[in-house]
2 protein chains.
Amino acid sequence: MAERNVSLKDISVACGVSIATVSKALNNHSDIGQETKEHVREVAAKLGYRPNAAAQALKTNRTNNIGVLFVDEANSGLTHDYFNHVLNSFKKTAEENGFDITFINGGKARINNMSYLSHAIYRGFDGVVIACVDFSDPEVEELVKSNIPVVTIDHIFYNRTSVVSDNVNGMKELVQYVYDQGHRRVAYVHGAGSSVTQNRLTSFYKTLQELGVEIPDEYVVVSPYRDTDAAFEATNKLLDLKEPPTCIFYPDDFAALGGINAIRQRNLRIPEDISIAGYDGLEIAKRLAPRLTTVVQNSEKIGEIAATKLIDLINNPKGTLVEQIVVEGTLEPGESVKKII
Amino acid sequence: MAERNVSLKDISVACGVSIATVSKALNNHSDIGQETKEHVREVAAKLGYRPNAAAQALKTNRTNNIGVLFVDEANSGLTHDYFNHVLNSFKKTAEENGFDITFINGGKARINNMSYLSHAIYRGFDGVVIACVDFSDPEVEELVKSNIPVVTIDHIFYNRTSVVSDNVNGMKELVQYVYDQGHRRVAYVHGAGSSVTQNRLTSFYKTLQELGVEIPDEYVVVSPYRDTDAAFEATNKLLDLKEPPTCIFYPDDFAALGGINAIRQRNLRIPEDISIAGYDGLEIAKRLAPRLTTVVQNSEKIGEIAATKLIDLINNPKGTLVEQIVVEGTLEPGESVKKII
DNA sequence: GGCATTTTCGAAAACGTTTTCCTAAAATAT
DNA sequence: ATATTTTAGGAAAACGTTTTCGAAAATGCC
């Protein structure tokens with residue numbers, strides 16, 4: 001930080017014009033002559049000028065910066081295999097539109113112990129994307145009620161645009177597929193806690209009901225989302241039943257790994273002895289042997305749409321309508337569900 | 001953005017003191033009386049004051065913001081399972097120290113087509129962490145030669161502090177382990193391109209040489225890092241040899257999955273018919289059956305140290321010494337290497 | 001009570017922009 | 001030739017802070 005960065009003033013003295021002229025020339029205003037524009041730009045380039053984001057933000061109230069709220073219970077937002085795909089896609093299209101991305105930090109590690117909203121105001125984010133958090137957190141609510149443009153992912157707030165994966169339809173297809181393979185005794189390891197998993201569970205029940213399949217209460221057991229060890233336990237519980245299921249649904253692919261381990265430990269084979277299905281369509285689902293039957297969520301599209309919508313909102317806060325966008329997933333049959341008869 | 005945010009001036013009129021006094025009161029300067037301090041703070045809280053980062057940055061030349069350069073060839077930075085663990089850990093300790101994190105965007109999606117350095121200067125990052133990029137990129141070099149505090153991860157630049165995973169020793173232990181299990185015909189799928197994979201390869205050669213094991217040239221085949229399909233092909237090439245290896249090393253756990261698929265496709269069993277080893281220690285390594293023999297890198301520690309060192313550098317640019325920190329990994333024996341004899 | 005300190009506070013400049021008006025000159029019209 | 005319009009550029013305020021320096025008020029000391 002020894003030498004100062006070159007500023008508009010430096011260019012202005014080098015060019016013999018005013019600061020205003022330099023600013024307007026660089027921003028291509030119409031009230032500056034063509035040759036002065038070119039001259040100013042040349043000198044700016046020669047001097048190695050780079051604009052100062054802080055000064056611009058201070059003056060214009062625009063930062064070209066989007067806040068990302070991406071915290072889950074385990075504080076593992078970035079290592080969450082589904083959400084980091086969403087985020088990566090979000091980041092890509094945000095950057096293509098000239099926006100940077102910075103995290104709104106959570107947990108106890110806050111700057112100055114600021115709330116999410118305070119943090120967003122402090123940094124002057126033009127907009128905020130919320131995903132992968134505890135949506136019942138009052139601080140999230142505070143943020144959602146603010147007048148900062150917000151897009152939520154995989155959760156719907158009244159009066160805010162959101163983009164959600166179609167868990168209802170995805171689960172419906174998955175259940176239908178398993179049913180079509182002949183399974184009637186199906187169990188569900190339910191990853192309680194979020195509207196996402198709740199939607200999946202509800203759809204699970206509803207679809208089976210429509211198909212005329214009844215499932216005993218003990219076929220539905222709760223286990224935290226994305227927790228292989230808990231899924232391991234839950235699976236054992238199911239396998240210990242006097243009449244165990246022929247197929248087990250997991251709340252996510254990762255949890256399915258826990259199930260696989262429990263099953264293998266009993267020297268049972270997948271899918272010959274018992275079938276399983278995951279959800280998410282993570283990379284590993286394809287790579288496992290046997291390939292996991294799952295629903296692959298279109299994380300790329302979700303991130304892209306979220307970014308596009310948020311930027312629309314930023315550029316036109318009043319004129320952009322609030323909407324709920326549902327992104328379809330696709331059933332990936334895999335090999336982990338056996339065809340019965 | 002309807003209503004203006006409350007500023008120091010608002011507090012100053014509400015309190016009947018000057019702006020300077022308000023600023024000093026909030027920043028706890030010693031030349032403000034205790035009661036005025038308290039009064040100012042009360043009013044500030046009541047009014048819902050939040051500082052303005054842009055104004056502070058403009059005045060102080062500090063942003064409390066760290067730039068993250070995290071781009072790989074496939075532009076999959078965030079979905080890279082090793083690096084997102086590193087980043088997650090980096091983020092955590094940075095935030096604990098009052099720093100935010102924003103990405104320096106790469107690819108063709110640059111704001112105003114700025115170079116990495118320009119972007120960093122534009123945003124006024126207090127420091128930058130570089131990882132997971134093409135380190136031979138001239139733009140990276142430009143950034144590294146600048147006077148912005150920089151810490152690099154898994155790559156060493158002269159005169160910059162770096163924190164690297166000990167790939168040399170890790171690979172040495174892994175080779176030694178495989179050797180101890182009785183393997184003498186070992187092959188290597190080399191993920192060319194980075195100093196990381198280069199170090200692993202070199203260590204592979206060196207350790208075998210020390211052990212008196214010679215390996216034919218065709219036992220080393222190149223394949224891109226983290227590419228399951230390419231690893232699939234590479235594995236097939238190795239299995240087609242008249243005298244195939246008894247154990248295959250992969251450049252990373254992910255690539256190992258490609259190998260597993262190739263092996264399984266031939267109805268060979270792991271490890272009974274052929275042994276394999278990965279590198280990285282990703283979550284999946286533990287979850288595969290059989291559990292993958294690998295070296296687990298201490299991604300959490302790497303991220304934490306990188307953040308700590310960068311912040312040291314930021315807070316004391318002259319007084320902090322440049323160093324290369326090597327973080328040990330740990331051998332995870334797993335079950336994918338068979339004991340011969 | 002007078003002097004020297006110490007404490008407490010404020011005026012003002014500065015950081016690097018953008019933008020609103022305003023003016024002077026140049027171009028055009030009459 | 002004069003009147004009118006257009007074009008090109010500048011002065012200055014403003015955004016919200018921090019910080020320097022100086023001044024006034026309070027306190028200490030004899």
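Residue numbers begin at 1 in each chain, while the letters A, B, ... track the order of the sequences. Everything numeric in this text was worked out from a predicted model, so none of it was measured.
Distance from the side chain of B:Lys59 is smallest to D:dT17 among C:dT17, C:dG10, D:dT17. Considering only the side chain of A:Ile19, C:dT17 comes nearest among D:dG16, C:dT19, C:dT17.
In this structure, a donor-acceptor pair under 3.5 Å is present between the side chains of A:Asp154 and A:Tyr82. Side chain to side chain, B:His119 and A:Asp100 meet the donor-acceptor criterion of an N or O pair below 3.5 Å. A:Thr152 and A:Arg160 form no side-chain donor-acceptor contact under 3.5 Å, judged by distance and modelled atom types alone. Using modelled atom types, one finds no donor on one side chain facing an acceptor on the other under 3.5 Å when comparing B:Gln324 with B:Thr161. Counting only N and O atoms by type, the side chains of B:Arg123 and A:Asn52 include no donor and acceptor under 3.5 Å apart.
Contact annotation: B:Asn27 reaches the phosphate of D:dT18 (side-chain N/O to OP1 or OP2, under 4.0 Å). Applying the 4.0 Å criterion to OP1 and OP2 of C:dA11, one finds that B:Ser18 has every side-chain N and O outside that range. OP1 or OP2 of D:dT17 lies within a sub-4.0 Å distance of a side-chain N or O belonging to B:Tyr49. In terms of phosphate contacts, B:Thr21 brings a side-chain nitrogen or oxygen within less than 4.0 Å of OP1 or OP2 of C:dG10. Dashed line: the shortest gap from a side-chain N or O of B:Thr36 to OP1 or OP2 of C:dC9 is under 4.0 Å.
The CZ-C1' distance, from B:Arg123 to C:dG16, rounds to 15 Å in whole Å. Straight-line distance from the CZ atom of A:Arg50 to the P atom of C:dC15: 20 Å, rounded to whole Å. Rounding to whole angstrom units, NZ of residue B:Lys37 and P of C:dT8 are separated by 9 Å. Atom OH in B:Tyr122 sits roughly 13 Å away from atom C1' in C:dG16 (whole-Å rounding). Distance, B:Glu35 CD to C:dT7 P: 15 Å, rounded to whole Å. Rounded to whole angstrom, the span from the CG atom of B:Leu58 across to the C1' atom of D:dA14 amounts to 12 Å. Rounded to whole Å, atom P of D:dT17 lies 9 Å from atom CG of B:Asp10. Separating the CD atom of A:Gln34 from the P atom of D:dG9 is a distance of 11 Å, rounded to the nearest angstrom.
Among the atoms of the strands shown, none is found under 4.0 Å from any heavy atom of B:Arg62. Base contact: B:Ser23 has a heavy atom under 4.0 Å from a base atom. Across all strands, B:Asn52 comes closer than 4.0 Å only to sugar-phosphate atoms, never to a base (heavy-atom distances).
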Trace of the side-chain contact (heavy atoms from CB on, under 4.5 Å) decision for B:Asn28 with B:Arg41: CA-CA 10 Å; B:Asn28 204 24; B:Arg41 286 180 187 152; 3.1 Å; yes
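In terms of position along DNA chain C, the nucleotide closest to B:Gly33 lies nearer the 5' end than the nucleotide closest to the other residue of the pair A:Gln56 and B:Gly33. Comparing B:Ala54 and B:Ala20 by the nucleotide of DNA chain D that holds the closest heavy atom to each, the one mapping nearer the 5' end is B:Ala54. The nearest heavy atom of DNA chain C to A:Asp31 and to B:Ile32 marks one nucleotide each, and the one closer to the 5' end goes with B:Ile32.
With hydrogens and angles left out, the side chain of A:Lys24 and the base of D:dG10 share a donor-acceptor pair within 3.5 Å.
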